[in-house]
Structures are given as structure tokens and as C-alpha cells.
Amino acid sequence: MADTEQSRRRVQSIEVGFRVLRVLRMAEGPLPLREIAARASMPPSKVHLYLVSFVRENMAYQDPHNGHYGLGTFAIQLGLAAIRQLDVVGLAAETLTELRDKTDCAIYLSLWGDRGPCIVAKADGRLQGAFLIRLGYILPVTTSATGLVFLAHLPETEVARAVAAQAAYDATRGDIPTPTKEELAESGERIRREGYSSSAGMLNRNFAAIAAPIFDHSGKIAATITLLGPTDFMSKTRLKDFSKMLLASTEAVSERMGALPKPAEKAAKG
């Protein structure tokens with residue numbers, strides 16, 4: 001009962017906090033504390049407590065000159081991320097099904113989250129048997145084709161944070177070696193040069209994966225599409241054919257996202 005009551009209090013607290021955020025979202029500009037409180041139908045003292053927390057987390061900011069409050073940089077980033085994620089998921093949906101139908105393999109779309117690559121959409125394949133990966137599954141960053149693709153294209157600071165978190169987790173298990181910085185750098189160069197990453201037996205010893213990035217209009221990685229099939233099915237010939245197929249698909253989605261093809265890479269592939 002105590003846990004249930006505490007959970008309810010936490011949810012109610014979040015809901016009350018969003019009343020404040022909604023006022024900031026609907027405002028045409030920064031507002032004084034009393035105006036925010038009036039629009040949220042809350043006491044100014046209570047609103048102030050929420051605003052202090054929101055400012056600390058960059059969900060809101062306070063103008064140093066007049067003390068008015070507005071939405072912060074994290075709120076802006078959150079909104080842009082939501083738009084980007086919704087766009088790429090919608091644009092890639094048909095591609096996942098097409099790849100599945102052409103290869104009989106399972107196809108996954110992953111986005112980068114605070115804990116690593118997260119599977120947000122999938123098309124289950126005929127050849128995966130009982131090995132099903134659920135939506136919301138967080139893939140390891142250094143021991144999956146998907147994770148390595150993200151590491152090859154993310155900013156160095158984000159890569160360092162993700163690798164450190166993965167290393168700390170691997171250390172608790174003791175059975176998975178973490179790649180060295182040099183190995184990851186070499187892997188990243190190869191992935192950027194070839195356009196994709198491949199792995200065998202990492203998530204499951206009987207399955208192999210190929211992953212390639214989707215880029216947005218700014219040239220940054222927005223998502224990754226991964227093809228997963230049985231290792232005995234993924235012959236060298238199929239690996240080559242499926243890689244070309246996957247790259248064509250991710251490049252098509254990237255172009256729909258506004259990304260420009262890189263002439264040097266296009267020439268190299270030709």
C-alpha cells in the first residue's frame with residue numbers, strides 16, 4: 001500500500017508539473033511567476049518550486065533581467081527530438097516491411113536513447129524462429145552491429161559516455177570483453193567507409209546482423225535499420241546482396257529525411 005500511494009503521489013506530482021509546462025508552452029513569450037500561477041490555477045509558491053526544478057534541468061529558464069520564465073533549451077531539444085523520431089519511424093515503416101519480404105529476415109529500426117540504441121519498430125522475419133526481439137529492447141553499444149553503427153556516427157563526447165556505461169555494465173557480468181578505444185576507432189572508420197556494420201553471434205550465437213544508418217537533413221544519424229538472420233543462412237553471397245539492399249533502403253529513407261548524398265562515398269561505391 002505504501003508503494004502504491006507513493007507511486008500515485010509521484011504521478012500526481014508530474015501531472016501538476018505539466019500544468020506549469022503547458023502554460024509556458026502556450027505563452028507567446030516569457031511570463032512572470034504570478035501570471036504563470038494564475039494561468040495554471042496554482043499558488044505562486046507551489047509554482048515556484050516546480051520552476052526551480054525545471055530551470056535546474058533546463059526545461060525552463062529565468063530571464064536574469066526581469067525574472068520572467070520561459071521554456072528552456074532541453075524543452076526545445078525534446079520537441080525537436082520528438083518530431084525527428086516520429087518522422088523517421090513513419091518514413092521507414094514501409095521500408096522495414098519491404099526488406100523483410102525480400103530477405104525473409106527480421107528487420108529492426110532503432111533510435112538512440114539515453115541508455116543506447118532502442119528498437120522502436122520491427123518487421124518479424126520468417127527465418128527467426130523463436131528468437132524474437134521485443135520493441136523497446138536496448139541493444140548493447142559495443143557488441144551489436146546496431147550499436148557500432150551509432151558509435152561510428154555520434155559525437156565523441158556521446159560515444160565516450162556510452163562506451164563507459166557499457167563497460168561498467170560488462171564489468172558486472174565478467175563474461176563479455178569491452179572493445180578497446182583503438183578497436184572502436186578502427187571499427188568506426190570501417191563502418192563510415194563501407195556504410196554499414198555486420199556481426200555474427202553477438203546477441204545470439206545462431207544469428208548474424210547487418211546494420212546501416214539513416215541520416216537527417218543536418219547530416220546527423222537519426223536511426224539505424226538492422227537486418228537479422230540465421231548465421232547458416234547468411235552466406236557470403238547473401239551478406240553482400242543484403243548489404244547492398246540495406247544500404248539502398250537506408251539511403252532512400254535518408255534522402256526523404258532531407259539528407260544529401262555524399263559524392264565521394266557514391267563514387268567509391270560505384
Side-chain angles (χ1 to χ4, degrees), residues 1-93 109-121 134-139 141 150 153-155 157-162 164-165 214-224 256-259:
M1 285 294 294
D3 290 340
T4 301
E5 291 178 0
Q6 187 176 20
S7 297
R8 286 175 179 170
R9 284 198 297 272
R10 287 175 178 171
V11 171
Q12 290 172 354
S13 179
I14 291 174
E15 291 175 350
V16 173
F18 267 86
R19 286 167 59 184
V20 176
L21 290 177
R22 288 190 183 95
V23 170
L24 297 180
R25 181 179 67 86
M26 297 297 293
E28 295 182 357
L31 298 173
L33 173 61
R34 291 193 174 277
E35 180 63 22
I36 297 172
R39 295 188 185 187
S41 300
M42 294 167 56
S45 58
K46 189 173 184 178
V47 171
H48 182 258
L49 291 176
Y50 281 97
L51 287 172
V52 169
S53 295
F54 288 145
V55 168
R56 186 179 297 121
E57 298 298 328
N58 290 323
M59 280 294 290
Y61 80 94
Q62 184 177 25
D63 190 311
H65 301 293
N66 57 24
H68 294 185
Y69 294 90
L71 288 175
T73 56
F74 184 72
I76 297 171
Q77 293 167 3
L78 194 63
L80 292 174
I83 293 172
R84 182 179 67 247
Q85 291 174 11
L86 286 173
D87 282 346
V88 72
V89 172
L91 290 174
L109 178 74
S110 300
L111 302 180
W112 184 257
D114 58 352
R115 294 168 55 199
C118 177
I119 296 175
V120 297
R134 69 183 185 278
L135 293 178
Y137 183 78
I138 307 297
L139 293 157
V141 295
F150 274 108
H153 296 286
L154 287 170
T157 53
E158 185 70 9
V159 169
R161 184 198 65 78
I214 294 173
F215 298 101
D216 63 15
H217 67 281
S218 67
K220 295 179 180 179
I221 186 169
T224 295
R256 294 178 67 189
M257 290 279 291

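- Closest heavy-atom contact between V159 and L154: CG2-O, 3.7 Å.
- When all heavy atoms of L111 and A223 are compared, the pair lying nearest together is CD2-CB, 3.5 Å.
- Within the structure, salt bridge (Lys or Arg N to Asp or Glu O under 4.0 Å) pairs that include any residue of residues 16-39 comprise E35-R39 (at least two apart or interchain).
- When all heavy atoms are compared, the tightest approach of A222 to M257 is CB-CE, 3.9 Å.
- When all heavy atoms of S110 and L139 are compared, the pair lying nearest together is OG-CD1, 3.8 Å.
- Screening residues 47-61 for side-chain hydrogen bond (donor to acceptor under 3.5 Å, both in side chains), with sequence neighbours left out, gives S13-Y50.
- Interatomic distance, L24 CG to I36 CD1, rounded to the nearest 0.5 Å: 5.0 Å.
- Each of I214, L91, I119 was compared with L109 under the side chain to side chain contact (heavy atoms under 4.5 Å, CB included) criterion, and only I214 meets it.
- Here the shortest heavy-atom pairing between P117 and V141 reads CD-CG1, 3.6 Å.
- Residues meeting the side chain to side chain contact (heavy atoms under 4.5 Å, CB included) test with S45, sequence neighbours left out: P43.
- Residue pairs meeting the side-chain hydrogen bond (donor to acceptor under 3.5 Å, both in side chains) criterion with at least one member in residues 63-75, sequence neighbours excluded, are Q62-Y69.
- Between I138 and C118, the closest heavy-atom pair is CD1-CB, 3.7 Å.
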L49 vs V20, test: side-chain contact (heavy atoms from CB on, under 4.5 Å). Steps then yes/no.
CA-CA 11 Å; L49 291 176; V20 176; over 6 Å; no

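- The distance from atom CG of L51 to atom NZ of K46, rounded to the nearest 0.5 Å, is 13.0 Å.
- Partners of P155 according to the side chain to side chain contact (heavy atoms under 4.5 Å, CB included) rule, which considers only residues two or more places apart in sequence or in another chain, are T157, E158.
- Every residue meeting the ring pair (Phe, Tyr, Trp, His ring centres under 6.0 Å) condition with F150, not counting sequence neighbours, appears here in chain and number order: W112.
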